[in-house]
2 protein chains.
Amino acid sequence: MARLAQVSTATVSRVLTGAKPVSADLAQRVRDAAAHLDYRPNPAAQVLLSGRSHTVGVVVPDLANPYFAEVLKGATPAAAERGWRTLVADTDEDPEVEYRAATELGRWVDGVMLCSPRMSTLRLRELATKLPALVVVNRLVRHPSVAAVLVDYHQGMTQLCAHLASLGHRRLVYLQGPPHAWSDGQRRRALRTAAGRGLDVVQIPCGSTAPDGHRVAEEALGHKPTAIVAFNDYVALGVLSRLTELGVTVPHDVSVTGFDDIPLSALTPPGLTTVAVPKRTVGRLAWERLATEGAGPSTTATSVPVELAVRGSTAPPGQGRR
Amino acid sequence: MARLAQVSTATVSRVLTGAKPVSADLAQRVRDAAAHLDYRPNPAAQVLLSGRSHTVGVVVPDLANPYFAEVLKGATPAAAERGWRTLVADTDEDPEVEYRAATELGRWVDGVMLCSPRMSTLRLRELATKLPALVVVNRLVRHPSVAAVLVDYHQGMTQLCAHLASLGHRRLVYLQGPPHAWSDGQRRRALRTAAGRGLDVVQIPCGSTAPDGHRVAEEALGHKPTAIVAFNDYVALGVLSRLTELGVTVPHDVSVTGFDDIPLSALTPPGLTTVAVPKRTVGRLAWERLATEGAGPSTTATSVPVELAVRGSTAPPGQGRR
DNA sequence: GTGAAAGCGCTAACAC
DNA sequence: GTGTTAGCGCTTTCAC
């Protein structure tokens with residue numbers, strides 16, 4: 001390459017990085033040769049020398065969950081705009097895999113974006129000291145070097161409860177999310193507050209997928225609620241399916257709500273009442289927190305607002321069961 | 001590190017890689033020091049030296065599509081078992097982004113897994129010469145250095161048609177997938193054969209998502225089919241939603257089929273008749289083809305069988321519309 | 001069985 | 001403005 005252009009390797013580097021001025025003549029020769037050979041600097045050598053890979057690692061509990069896929073679709077293009085890559089790891093909801101994936105990624109990348117981590121706070125703090133930079137999505141971590149982007153689940157659930165209460169609902173069943181999910185805790189905190197205001201809330205363990213919702217729907221019904229509040233939309237879809245099988249009509253016999261607002265939610269008759277979360281925005285913001293690392297104390301968490309989306313799956317109760 | 005253990009860096013390397021025998025005494029000192037410092041070899045340096053990153057790049061058109069998320073969940077653990085990483089890129093169905101992503105990944109990784117590529121065959125061949133190794137999923141490429149893993153969509157669609165024909169269906173509407181999708185071509189090839197055997201098939205452009213299916217369902221109905229054959233399950237779910245809105249009963253008024261067998265398909269009443277594709281197996285096989293690169297001529301494509309899954313969304317036609 | 005040293009490809013510091 | 005050189009951290013000769 002340098003030989004073809006008859007210049008030193010340093011000159012090639014200067015032309016390609018634009019770090020120092022090079023005479024027009026040489027610069028052209030270098031560019032011609034580079035184009036001719038389809039030459040690109042070896043990334044490994046660049047990383048070794050600079051210690052920076054311009055890559056951010058993204059760790060998610062489950063890529064098949066549309067929520068995280070969307071977060072990724074927010075983060076990746078935002079990063080690409082500045083010439084950064086994203087490297088994704090799926091942990092299958094396993095806290096141990098999560099920790100290992102983050103640690104290992106940390107050796108390659110300049111920063112890690114940890115989405116809805118299931119690991120303990122202790123290990124999370126450990127990670128903070130090991131990784132070059134860390135931003136956590138959907139989990140509050142009090143640590144000077146950990147940035148956080150938080151969706152306001154508490155506010156969303158509060159709005160959902162207010163909506164149901166205003167329709168006249170008094171008895172709800174809440175289908176809990178995965179264990180150790182911070183976002184589940186936020187939702188439940190809001191439910192406790194709502195319960196203090198006269199709403200009767202039964203909670204049952206469930207999960208985060210449609211099969212989970214399908215499985216527990218009948219049990220939920222056993223508690224005679226007027227509304228079933230699912231951890232997220234995907235779970236709610238499973239609930240709706242099961243209710244249909246059971247001959248229970250929504251919202252006539254029981255109301256159902258979700259959370260997140262995935263594409264199917266608007267379509268599935270009668271339309272799922274949910275809380276819209278700007279998922280791509282979450283991804284973009286998380287990337288930005290990582291990119292502007294050091295531009296200020298990261299102790300403040302970025303909060304992302306949500307919006308109630310009322311559709312056909314909620315209605316006043318009390319028409320009674322058939 | 002080497003200083004702490006009072007040995008040369010070469011000895012450290014030999015202990016850690018296990019390349020050459022080292023006396024028990026030294027080996028223990030090295031291991032202790034490594035554990036104490038939580039030492040790990042710098043990956044960039046290893047890559048620079050060896051030219052191998054033990055990383056495979058996976059390029060998919062859309063991560064939000066459960067299909068590709070599942071393929072990934074097949075490939076990643078299989079690769080991890082051998083100490084390999086996967087690096088994922090989402091191209092948003094854009095052939096240009098796809099080419100760039102694969103090319104750029106190729107500089108980092110030891111091989112690229114290109115899933116359902118939308119780019120032209122010409123560019124695909126170009127890629128083959130640029131990349132260290134290439135396996136293509138769901139696309140037939142005749143090139144000596146390109147391995148292929150193909151799902152037998154043709155066979156699946158043939159079975160689906162046979163099933164519908166045996167129920168007595170004579171007029172179908174097929175909702176086409178994304179342009180340039182090889183798998184769509186395979187399905188259509190099977191449909192043409194079926195058409196030659198007396199099945200009347202109307203094809204209309206659609207896409208690969210639930211909103212796509214929702215959008216075109218009414219148009220499909222306009223062709224007065226007794227069955228609607230969707231490109232995939234996700235599309236079919238959109239169709240089912242729209243039909244419900246329109247007061248059209250499945251399978252009484254019209255039968256509906258999907259393809260792929262995603263988790264929701266089994267749940268959604270009345271249960272979606274579809275073709276089950278072993279998605280994780282596809283991912284695993286693709287990884288294996290990449291890993292055993294050079295272990296033989298890659299000109300033969302690996303074919304993955306599929307299986308018809310009959311559920312409630314298909315039934316004999318002819319009860320007529322209400 | 002062990003250490004010293006070369007060199008992977010690149011960029012920054014240092015001559016000229 | 002340009003070339004020469006050192007050195008990023010590792011593994012692999014090559015000597016001993």
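Numbers restart at 1 for each chain; the letters A, B, ... are given by sequence-line order, proteins then strands.
- The environment of B/His180 atom NE2 is sparse: at most 12 non-hydrogen atoms of other residues, nucleotides or ligands sit within 6.0 angstrom.
- Between B/Leu114 and B/Glu98, the shortest heavy-atom contact is CD1-CG, 4.3 Å.
- Residues passing the salt bridge (Lys or Arg N to Asp or Glu O under 4.0 Å) test with B/Arg118 are B/Glu93, sequence neighbours excluded.
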Exercise answer: donor-acceptor pairs, residues 59-74 of chain B side-chain atoms, under 3.5 Å, sequence neighbours excluded:
unit_1, atom_1, unit_2, atom_2, d
B/Asp62, OD1, A/Lys73, NZ, 2.8
B/Asp62, OD1, B/Ala64, N, 3.0
B/Asn65, OD1, B/Tyr67, N, 2.8
B/Tyr67, OH, B/Asn138, ND2, 3.0
B/Tyr67, OH, B/Tyr153, OH, 2.8
B/Glu70, OE1, B/Arg280, NE, 2.7
B/Glu70, OE1, B/Arg280, NH2, 3.4
B/Lys73, NZ, A/Asp62, OD1, 2.8
B/Lys73, NZ, A/Asp90, OD1, 3.4
B/Lys73, NZ, A/Asp90, OD2, 2.9
B/Lys73, NZ, A/Asp92, OD1, 3.2

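- Remark: A/Ala10, A/Thr11, A/Arg14, A/Val22, A/Ser23, A/Leu26 in residues 10-27 of chain A come within less than 4.0 Å of DNA chain D through at least one heavy atom.
- Of all nucleotides in DNA chain C having an atom under 4.0 Å from a heavy atom of chain B, the first and last in 5' to 3' order are C/dG1 to C/dG9.
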Please tabulate, for the side chains in residues 39-48 of chain A, all donor-acceptor contacts under 3.5 angstrom to protein atoms that are two or more places apart in sequence or on a different chain.
unit_1, atom_1, unit_2, atom_2, d
A/Asn42, OD1, A/Ala44, N, 2.8
A/Asn42, OD1, A/Ala45, N, 3.3

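- Partners of A/Lys20 under the salt bridge (Lys or Arg N to Asp or Glu O under 4.0 Å) rule, at least two apart in sequence or in another chain, do not exist in this structure.
- Within residues 35-55 of chain B, the residues having any heavy atom closer than 4.0 Å to DNA chain C are, in order of number, B/Leu48, B/Leu49.
- Between A/Val137 and A/Ala286, the shortest heavy-atom distance links the atoms CG2-CB, 3.7 Å.
- Partners of A/Asp152 under the salt bridge (Lys or Arg N to Asp or Glu O under 4.0 Å) rule, at least two apart in sequence or in another chain, do not exist in this structure.
- Pairing each heavy atom of B/Ser8 with each of B/Ala2, the nearest pair is C-CB, 4.1 Å.
- Atoms NZ and OH, on B/Lys130 and B/Tyr99 in that order, are 3.5 Å from each other to the nearest 0.5 Å.
- Between B/Met113 and B/Trp287, the shortest heavy-atom contact is CE-N, 3.5 Å.
- Looking at residues two or more places apart in sequence or on another chain, you find a side chain to side chain contact (heavy atoms under 4.5 Å, CB included) between A/Thr55 and A/Ser53, A/Arg85, A/Leu87, A/Val109.
- Rounding to the nearest 0.5 Å gives a distance of 9.5 Å between OG1 of A/Thr281 and CD of A/Glu288.
- For DNA chain D, the outermost nucleotides in 5' to 3' order that have an atom under 4.0 Å from a heavy atom of chain A are D/dG1 to D/dG9.
- Put simply, CG on A/Leu124 and CE on A/Met119 are 5.5 Å apart, with the number rounded to the nearest 0.5 Å.
- Remark: B/Arg123 engages B/Glu96 in a salt bridge (Lys or Arg N to Asp or Glu O under 4.0 Å) (not counting sequence neighbours).
- End-to-end axis angle for the helix from C/dG1-D/dC16 to C/dC16-D/dG1, using five pairs per end and rounding to 10°, comes out at 50°.
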